[in-house]
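This report concerns only the one structure given below.
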Protein chains: 2
Amino acid sequence: MSTQLKQATNGVPTPQMKQVSRDERMPENALMDAVAAGRVVIPLNSNRRGTCDPTGIGAGLRTKVNANIGTSPRRNDIGEELLKLEAALGAGADTIMDLSIGPGIDRTRKRIIESCRRPVGTVPLYQAVMEAGGAEGMGIVGFLDVLRRHGEDGVDFVTIHAGITLRALPLLERRLMGVVSRGGALLIQWMRRHGEENFLYRHFGEILSIAAEYDMTLSLGDGLRPGCIDDATDEAQLHELRVLGRLAARARAHGVQVMIEGPGHVPMGQIVENVRLQKEYCDQAPFYVLGPLPTDIAAGYDHFAGAVGGAIAAGAGADFLCYLTPREHIGLPDAGDVREGVMLSRIAAHIGDLEKNVPGAADKDRTMSEARAALDWDAMGRCAIDPVRYRQLRETEERSGNCSMCGELCAVKVYREDIGR
Amino acid sequence: MSTQLKQATNGVPTPQMKQVSRDERMPENALMDAVAAGRVVIPLNSNRRGTCDPTGIGAGLRTKVNANIGTSPRRNDIGEELLKLEAALGAGADTIMDLSIGPGIDRTRKRIIESCRRPVGTVPLYQAVMEAGGAEGMGIVGFLDVLRRHGEDGVDFVTIHAGITLRALPLLERRLMGVVSRGGALLIQWMRRHGEENFLYRHFGEILSIAAEYDMTLSLGDGLRPGCIDDATDEAQLHELRVLGRLAARARAHGVQVMIEGPGHVPMGQIVENVRLQKEYCDQAPFYVLGPLPTDIAAGYDHFAGAVGGAIAAGAGADFLCYLTPREHIGLPDAGDVREGVMLSRIAAHIGDLEKNVPGAADKDRTMSEARAALDWDAMGRCAIDPVRYRQLRETEERSGNCSMCGELCAVKVYREDIGR
C-alpha cells in the first residue's frame with residue numbers, strides 16, 4: 001500500500017490531502033508539496049481510511065493537540081479509558097495516544113481505535129516490554145511483532161525511541177534528573193545490560209518497512225528529553241535531536257511520514273531556540289512537543305505550566321502539542337483531568353496559531369470581540385472555546401444585561417451609551 | 001509624613017527598605033537607589049506602618065501578584081468578600097485590590113484593610129461615581145474627598161486614571177471594542193458630557209498632595225487599554241502611555257511613588273514590545289499588567305490565558321501581575337475562583353522570575369527536581385507551589401513507591417536502578 005508521502009512525491013493528491021487542504025484553507029498543491037517535503041504529515045493507517053478523519057500536522061496548518069490516555073497496571077479499567085477518550089474528543093482533542101500498560105493491551109487498543117475517528121497513536125515499546133517481562137528481555141523480534149499488530153489494528157502513528165544511542169549515555173552524567181522518558185529509561189537499561197546499541201536504532205530499516213506497509217507515521221521519540229529546566233537544551237538532548245534528524249531523512253527516503261518529539265522541561269527563554277534547532281536539524285519535520293514546562297514546581301497545575309510553554313512553542317513553529325493534565329508528575333488522570341488538559345492545550349495551540357497567522361484563527365477572536373462589544377451574551381457563548389464551561393459559569397448570571405462584576409458600571413455599556421451605539 | 005521615595009532620595013534607608021532588601025536578597029543600597037530612581041515602589045500607607053508587610057514591586061525583585069476582590073451592587077456580602085480575601089492570601093497573593101461598588105464601600109474597605117497584612121489598593125473613582133450618582137455628577141471635589149478617606153483608612157496604592165485626555169478620544173474611533181476599562185469609560189462619559197478635560201488630569205497636582213500625605217503609591221491606570229487583541233498597541237493605547245510617563249515624572253518630582261498599569265488584550269508577539277515601550281516611556285517605572293490576554297476566546301479560562309501573557313510579560317520585565325479568574329468576562333468570582341486565579345498568576349510570575357534571574361527563583365525548581373530524582377513524594381509536596389493541591393491529588397496514590405501513571409515502568413525508578421543510585 002502506498003503512503004501519503006509516496007503519493008505526494010509522485011504528485012498524486014489523495015482524498016486525505018484534499019480533505020486536509022479544505023479543512024485548513026491551504027491550496028491543494030501547496031499541501032501536497034508540504035507532504036512531499038515532509039513539512040506536513042497526515043497520520044492515517046491505511047487500514048483506517050474511511051473510519052478516521054484525515055488530520056494534517058505541520059507547517060502552515062492549525063496547531064494540533066494530542067491527549068494521552070491508557071491503562072496502567074494499577075488502574076486497568078477499559079470503561080474508564082473509554083470515558084477518558086470521550087472526554088478528550090468532547091473537548092476537541094485532534095489525536096489520541098493510547099499509552100496502556102495494564103494487562104490486555106491489545107484489547108484496550110482495539111476498543112480505543114474502534115471508538116475514535118481521530119488519529120490514534122501508540123508507543124509499541126511499552127507493550128514490547130510488558131510482553132518481554134522487563135527491559136532486559138526485550139529484543140527486535142518481539143518489538144517488530146508488536147509493531148505489526150499495531151499496524152494491523154489501525155494505529156495511525158507510533159512513537160519510536162530510535163534516537164538514543166550508546167554515544168549519548170556518557171552525556172547524561174552531568175544531569176540533575178537523568179532520564180525521565182519511560183521509553184528512554186527502558187532502552188538505556190537494555191543497552192547497559194546487553195552492552196549493545198539500541199535495537200530500535202540498529203534495526204530502524206525493519207521498522208520503516210512495517211511503518212510503510214500500513215502508512216503508520218513515525219513519531220521519533222526523545223528518550224533523552226530533559227526532566228527539569230536545569231537539564232534543558234543540554235548536549236544529551238541535542239545529540240539525540242541530531243540523530244533523530246538523520247533518522248527522519250531515512251524515513252522519508254523510505255516513503256515513511258515522520259515527525260519529531262520534543263521536550264519536556266525547558267526554561268521560557270530557551271523554547272523558541274528549541275523549536276528553531278528542531279526545524280534545522282530535522283529538515284522542517286513537524287515538531288510534536290510535550291509541554292514544554294517552563295518551571296518544575298507547578299505540580300497540580302502542570303497542564304497550565306505546560307500550556308504556557310506550548311503556546312510559546314506553537315507561536316515559534318511547533319506543530320503539535322501533547323497535553324498534560326493536572327495529575328502530571330502525580331498519577332494517572334481521570335476523565336475530568338483529561339478534559340481540562342485538552343482545553344488548556346487547545347487554548348495554547350490557538351494562541352500559537354494567532355502568532356503563526358494560521359488562516360481563520362484571528363476570525364474567532366474578532367467574532368468574540370464583536371459579540372462582547374454588542375453585549376450579546378449568547379453570541380459570546382458560541383464564540384467561546386468551551387461553550388459548555390461558558391454556559392456553566394453564566395448560569396448564576398442574569399439572562400441579559402450586564403454581568404455581576406460591574407453591574408451598571410459596565411465599561412462596555414457606558415461606552416456604548418456614550419457614543420450613541 | 002515623608003514618603004519612601006523622599007527618604008530614599010535623601011539616602012535614608014527606612015525599616016521598610018531594610019525589610020524588602022532582606023526579603024529579596026537585594027543589597028540595601030541597591031534597593032534604596034532603585035526606590036529613589038522610581039524603579040521600585042514600596043506601597044505602604046503611612047497609617048499602616050506596623051500593620052502591613054512591606055512589599056517591594058519593581059526591577060530586580062520577585063514578580064508580585066495582585067488579587068482583585070470587592071462587592072458589586074448585586075452581590076454585596078461583606079462575609080463573602082472576607083472569604084475571598086482569605087482565599088487570596090492563603091493562595092499567596094502579594095497584594096489585594098478592593099474594587100467594591102456595592103453599597104457601604106467605606107465599611108467594606110475598612111474591614112478588608114483591617115483583615116489584610118498585605119498592601120491594599122483601591123480605585124477611588126468607583127466610589128466617587130457611586131457617591132455622585134453617576135458619571136456626569138462626578139467632580140474633583142468629591143473625588144479628592146474620597147481619595148482622602150482612602151488615605152485615612154490606610155489604602156496603600158490607588159489606581160488613578162489621569163492619563164485619558166481629550167486628545168485621545170478621536171483615536172478610539174478605529175477600535176473594535178472601544179473602551180473596556182470601567183474608570184476609562186466613566187471618565188470619557190464625564191469628559192463628553194461636560195466638554196472638559198479629564199478632571200484627574202487637570203487636578204493631578206492636588207491628587208499628588210494627598211498621595212504624598214499618606215505615602216499612597218499611585219498606580220496610573222490605563223483607561224484606554226485594549227479590550228481585544230485587534231485593538232492592541234494602537235495609537236490610543238500608546239498616546240495614553242506617553243501621558244502616563246509624563247505624569248509619572250511629575251509624581252516622582254513630588255516625592256510620590258508611582259507605577260504604571262498596562263494591558264489587557266495583547267497578541268503574544270506584541271507582549272515583549274509592550275513591556276519595552278512602557279519602560280521607555282515611563283522611565284523604568286514598575287509595570288503592573290492585567291493579563292495580558294493573548295486571545296479573546298478563552299472565556300471560562302481567561303485566568304489561564306492571562307497567565308500565559310503574564311508569564312511572557314514578567315519574563316520581559318513586567319513587575320506586577322494582576323490576576324484574572326475563571327469568571328473574567330462572565331461575572332463576579334467566588335472564593336474558589338480567587339484561589340485558582342492567584343495560583344496561576346503565581347506560577348506565571350515564577351516562570352517570569354526564572355527568566356529574569358530573580359535571586360532564589362531557580363533554587364525552588366532545583367530542589368523540586370532533586371526530590372523527583374529521589375522519588376521523594378513528601379519532599380515534592382513541600383516544593384510544590386501549591387502543597388494543598390498537591391496533597392489532594394496524591395490522596396488516591398499509594399503512600400510511597402511509584403505513581404499510578406507508570407507503576408513499575410517509572411522512568412525515574414528504572415534509570416535510578418540502572419545507574420545504581
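So that the names make sense, note that chain A is the first sequence line, chain B the second, and so on, each numbered from 1.
Minimum heavy-atom separation, B:Ala299 to A:Met368: CB-CE, 4.1 Å. B:Met405 approaches A:Ser72 most closely through the heavy-atom pair O-CB, 3.6 Å. Between A:Tyr390 and B:Ile330, the closest heavy-atom pair is CD1-CD1, 3.8 Å. Closest of all the heavy-atom pairs between A:Ser404 and B:Leu332 is OG-N, 2.9 Å.
For the set A:Glu408, A:Glu328, A:Arg75, A:Met343, the count of heavy-atom pairs under 4.5 angstrom toward chain B peaks at A:Met343. Among A:Leu344, A:Ile188, A:Asp230, A:Ile101, the residue making the largest number of heavy-atom pairs under 4.5 Å with chain B is A:Leu344. Your options are A:Thr71, A:Ile312, A:Asp231, A:Thr367, and the one with the most heavy-atom pairs under 4.5 Å with chain B is A:Ile312. Counting heavy-atom pairs closer than 4.5 Å to chain B, the top residue among A:Pro267, A:Ala311, A:Gly102 is A:Ala311. Interface summary for chain A: among B:Gly331, B:Gly300, B:Ser181, the most heavy-atom pairs under 4.5 angstrom belong to B:Gly331. Your options are A:Gly407, A:Ala371, A:Gly269, A:Cys410, and the one with the most heavy-atom pairs under 4.5 Å with chain B is A:Gly269. By number of non-hydrogen pairs under 4.5 angstrom with chain B, the leading residue of A:Glu355, A:Gln270, A:Arg193 is A:Glu355.
Contact annotation for A:Leu186: both backbone and side-chain heavy atoms come within less than 4.5 Å of a heavy atom of chain B. Proximity to chain A (any heavy atom under 4.5 Å) is restricted, for B:His265, to the side chain, taken from C-beta onward. With a 4.5 angstrom heavy-atom cutoff, B:Arg182 touches chain A via backbone and side-chain atoms both. With a 4.5 Å cut-off on non-hydrogen atoms, A:Asp353 does not touch chain B at all. With a 4.5 angstrom heavy-atom cutoff, B:Cys406 touches chain A via backbone and side-chain atoms both. The contact between B:Asp302 and chain A is made entirely by side chain atoms (from C-beta outward), counting heavy-atom distances below 4.5 Å. Only the side chain of A:Thr396 comes within contact range of chain B, with at least one heavy atom under 4.5 Å from a heavy atom of that chain. Residue A:Gln189 touches chain B through both its backbone and its side chain, counting heavy-atom pairs closer than 4.5 Å. Interface residue B:Arg389: only side-chain heavy atoms are found under 4.5 Å from chain A. Proximity to chain B (any heavy atom under 4.5 Å) is shown, for A:Leu99, by neither the backbone nor the side chain. Contacts of A:Ser369 with chain B are made by both backbone and side-chain atoms, with heavy-atom separations under 4.5 Å. Only the side chain of A:Glu340 comes within contact range of chain B, with heavy atoms under 4.5 Å apart.
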Exercise. Before giving the answer on side chain to side chain contact (heavy atoms under 4.5 Å, CB included), spell out for B:Leu409 and A:Met130 the whole-Å C-alpha distance, their side-chain angles and the decisive distance to 0.1 Å.
Key: CA-CA 9 Å; B:Leu409 289 196; A:Met130 298 314 278; 3.8 Å; yes

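When side chains are defined from C-beta on, A:Met177 counts as touching B:Val412, because their heavy atoms get closer than 4.5 Å. Using a 4.5 Å heavy-atom threshold, the side chains of A:Ile347 and B:Thr295 count as touching. Inter-residue side-chain proximity for B:Tyr301 and A:Arg346 is flagged as unmet; no heavy-atom pair is nearer than 4.5 Å. Looking at heavy atoms from C-beta onward, B:Met268 lies out of side-chain contact with A:Leu354 at the 4.5 angstrom threshold. Taking the side chain as every heavy atom from C-beta outward, A:Tyr415 and B:Val180 never approach each other to under 4.5 Å.
With values rounded to the nearest 0.5 angstrom, B:Asp365 atom CG is found 5.0 Å from A:Ile297 atom CD1. For the atom pair CG (B:Leu393) and CG (A:Asp334), the distance works out to 9.5 Å, reported to the nearest 0.5 Å.
A side-chain contact (heavy atoms from CB on, under 4.5 Å) with A:Arg366 holds for exactly one of B:Asp296, B:Ile229, B:Leu176; it is B:Leu176.
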